[in-house]
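In what follows, a structure is listed as structure tokens, so that the remarks can point back to it.
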Amino acid sequence: MAGAILEKYSGERLDHYVRRHILQPLSLYGGYNVDDLDSTRFVTLYAYNGNTKGFTASPAAYRSRAEALEDYQMGYSTPVFSPTGGMKMSAEDLARYMIMHMNYGEANGVRILSQASSRSMQRVRSPESGYGMALRTLDYLIPGKKLVGHEGIAYGLYSAMYFQPEEHFGIVVITNGCRTGFSHGDVINDFLFAMYDSVYRNLFR
């Protein structure tokens with residue numbers, strides 16, 4: 001819905017808007033339209049199959065949107081890009097994006113969000129889930145630390161991008177072909193928890 005509203009308000013297709021207003025200003029490589037990206041940089045994603053007890057490739061992760069874009073209607077066809085989780089980006093570029101949020105809308109001297117808007121995104125609006133606007137606050141990912149960020153799961157990929165704005169550190173973890181438990185009943189699986197604990201203990205403490 002947010003992607004559709006953006007298109008109706010801006011008059012610009014979602015993938016183009018994000019590239020022009022977020023990715024290019026921050027010098028990030030990525031995008032929503034796989035046909036605009038270098039396919040040699042794609043890694044095959046593998047999802048765990050509980051029936052076969054093995055891992056299955058997920059080619060749908062990089063399915064072309066060319067045919068769907070032929071009859072694209074602004075503000076209506078937006079789900080074609082899966083705005084909530086269709087961004088293709090490396091861990092390194094995601095970390096650069098995270099730094100922008102950690103600095104309340106600015107990175108490397110480039111501001112793409114006002115400080116007020118950035119703080120508003122991070123302000124908890126749902127105490128039960130910890131969510132603000134796209135970002136949420138967790139107090140159990142690293143014991144004793146309130147971290148702000150977001151996580152994702154799709155096609156066998158599990159990811160987490162969380163940062164501590166006051167202490168100015170953040171961690172991005174992306175996994176592929178992961179079979180693990182979910183002790184916290186969330187998309188942040190036990191392996192991601194273990195990675196956050198290990199990285200924090202060994203690099204930040």
Side-chain angles (χ1 to χ4, degrees), residues 1-43 45 61-66 68-69 72-125 130-137 147-155 157-165 168-174 187:
M1 184 178 291
I5 292 171
L6 182 148
E7 289 187 341
K8 296 288 281 187
Y9 179 79
S10 69
E12 194 169 0
R13 206 172 74 187
L14 173 74
D15 59 320
H16 294 163
Y17 184 95
V18 170
R19 183 175 64 215
R20 192 162 71 90
H21 294 275
I22 299 174
L23 300 178
Q24 289 179 343
L26 295 177
S27 298
L28 305 180
Y29 184 82
Y32 281 105
N33 188 356
V34 297
D35 300 308
D36 289 340
L37 301 174
D38 178 4
S39 62
T40 65
R41 299 180 63 165
F42 296 163
V43 62
L45 297 179
Y62 305 113
R63 186 176 67 251
S64 172
R65 302 295 190 267
L69 294 180
Y72 195 90
Q73 297 182 57
M74 299 281 285
Y76 295 96
S77 303
T78 325
V80 163
F81 293 113
S82 184
T84 56
M87 170 63 68
K88 308 296 186 291
M89 181 178 286
S90 69
E92 183 177 0
D93 282 304
L94 184 57
R96 293 193 180 108
Y97 175 74
M98 176 185 70
I99 289 170
M100 178 274 297
H101 281 298
M102 191 161 59
N103 291 329
Y104 298 111
E106 180 180 353
N108 297 323
V110 177
R111 177 167 293 281
I112 65 168
L113 283 172
S114 70
Q115 187 171 127
S117 293
S118 182
R119 288 182 180 275
S120 179
M121 288 181 69
Q122 296 183 33
R123 187 170 71 248
V124 175
R125 297 166 187 275
Y131 266 107
M133 291 187 285
L135 300 173
R136 70 167 174 163
T137 299
L147 300 180
V148 181
H150 194 77
E151 67 284 324
I153 172 175
Y155 304 109
L157 176 148
Y158 292 86
S159 64
M161 173 202 82
Y162 276 87
F163 57 93
Q164 217 302 321
H168 224 67
F169 74 84
I171 301 171
V172 168
V173 179
I174 299 178
V187 295

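Ring orientation note: the planes of F42 and Y62 are close to parallel, at an angle under 30° on the 30°/60° scale.
For P165 against Y104, the heavy-atom pair with the smallest separation is CB-OH, 3.4 Å. The shortest heavy-atom contact between A4 and G75 is CB-O, 3.4 Å. Nearest approach of S117 to L113, heavy atoms of both residues: CB-CD2, 4.5 Å. Taking every heavy atom of both residues into account, A61 and V34 meet most closely at O-CG1, 4.4 Å. Summarising the geometry of L14 relative to G3, their closest heavy-atom pair is CD1-CA, 4.2 Å, with the distance given to 0.1 Å. Annotation for M74 and E12: closest pair CE-C, 3.1 Å, computed over non-hydrogen atoms.
The distance from the CZ atom of R65 to the OG atom of S77 is 12.5 Å, given to the nearest 0.5 Å. Remark: L45 CG to Y158 OH distance equals 12.0 Å, nearest 0.5 Å. With values rounded to the nearest 0.5 angstrom, T137 atom OG1 is found 7.0 Å from Q122 atom CD. Separating the CG atom in L26 from the CD1 atom in I99 is a distance of 10.0 Å, to the nearest 0.5 Å. With rounding to the nearest 0.5 angstrom, the CZ atom of R13 is 13.5 Å from the CZ atom of R20. Note that CD of Q164 is 9.5 Å distant from CE of M102, once rounded to the nearest 0.5 Å.
K8 places no side-chain N or O within 3.5 Å of a backbone atom of L6 that could act as its donor or acceptor partner.
Looking at Y72 and T78, their side chains come closer than 4.5 Å, going by heavy atoms from C-beta outward. R96 has its side chain within reach of E92: a pair of non-hydrogen atoms, C-beta onward, lies under 4.5 Å apart. Side chains of L157 and I174 form a contact here, defined as non-hydrogen atoms less than 4.5 Å apart. N103 has its side chain out of reach of F163: every pair of non-hydrogen atoms, C-beta onward, lies at least 4.5 Å apart. At least one side-chain heavy atom of M161 sits less than 4.5 Å from a side-chain heavy atom of L135. Under the 4.5 Å side-chain criterion, counting only non-hydrogen atoms from C-beta, M100 is not in contact with I22. Y29 has its side chain within reach of D38: a pair of non-hydrogen atoms, C-beta onward, lies under 4.5 Å apart. Put simply, the side chain of L23 reaches to within 4.5 Å of the side chain of M89, judged on heavy atoms.
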I'd like to know whether Y32 forms a ring pair (Phe, Tyr, Trp, His ring centres under 6.0 Å) with Y17, so could you lay out the CA-CA distance, the side-chain angles of the two residues, the decisive distance to 0.1 Å, and finally the verdict. CA-CA 10 Å; Y32 281 105; Y17 184 95; over 10 Å; no
For the pair I171 and L147, evaluate side chain to side chain contact (heavy atoms under 4.5 Å, CB included) and give the outcome as yes or no after the intermediate values. CA-CA 10 Å; I171 301 171; L147 300 180; over 6 Å; no
Under the side chain to side chain contact (heavy atoms under 4.5 Å, CB included) criterion, do R136 and E151 qualify, and how do the steps go? CA-CA 9 Å; R136 70 167 174 163; E151 67 284 324; 3.3 Å; yes
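Residues that satisfy the side chain to side chain donor-acceptor pair (under 3.5 Å) test with D35, not counting sequence neighbours, are S64. Under the rule for a ring-ring contact (aromatic ring centres under 6.0 Å, His included), H150 has no partner lying at least two apart in sequence or in another chain. Every residue meeting the ring-ring contact (aromatic ring centres under 6.0 Å, His included) condition with Y97, not counting sequence neighbours, appears here in chain and number order: H101.
Under the 4.0 Å criterion applied to side-chain N and carboxylate O atoms, D36 and R19 are assigned as salt-bridge partners.
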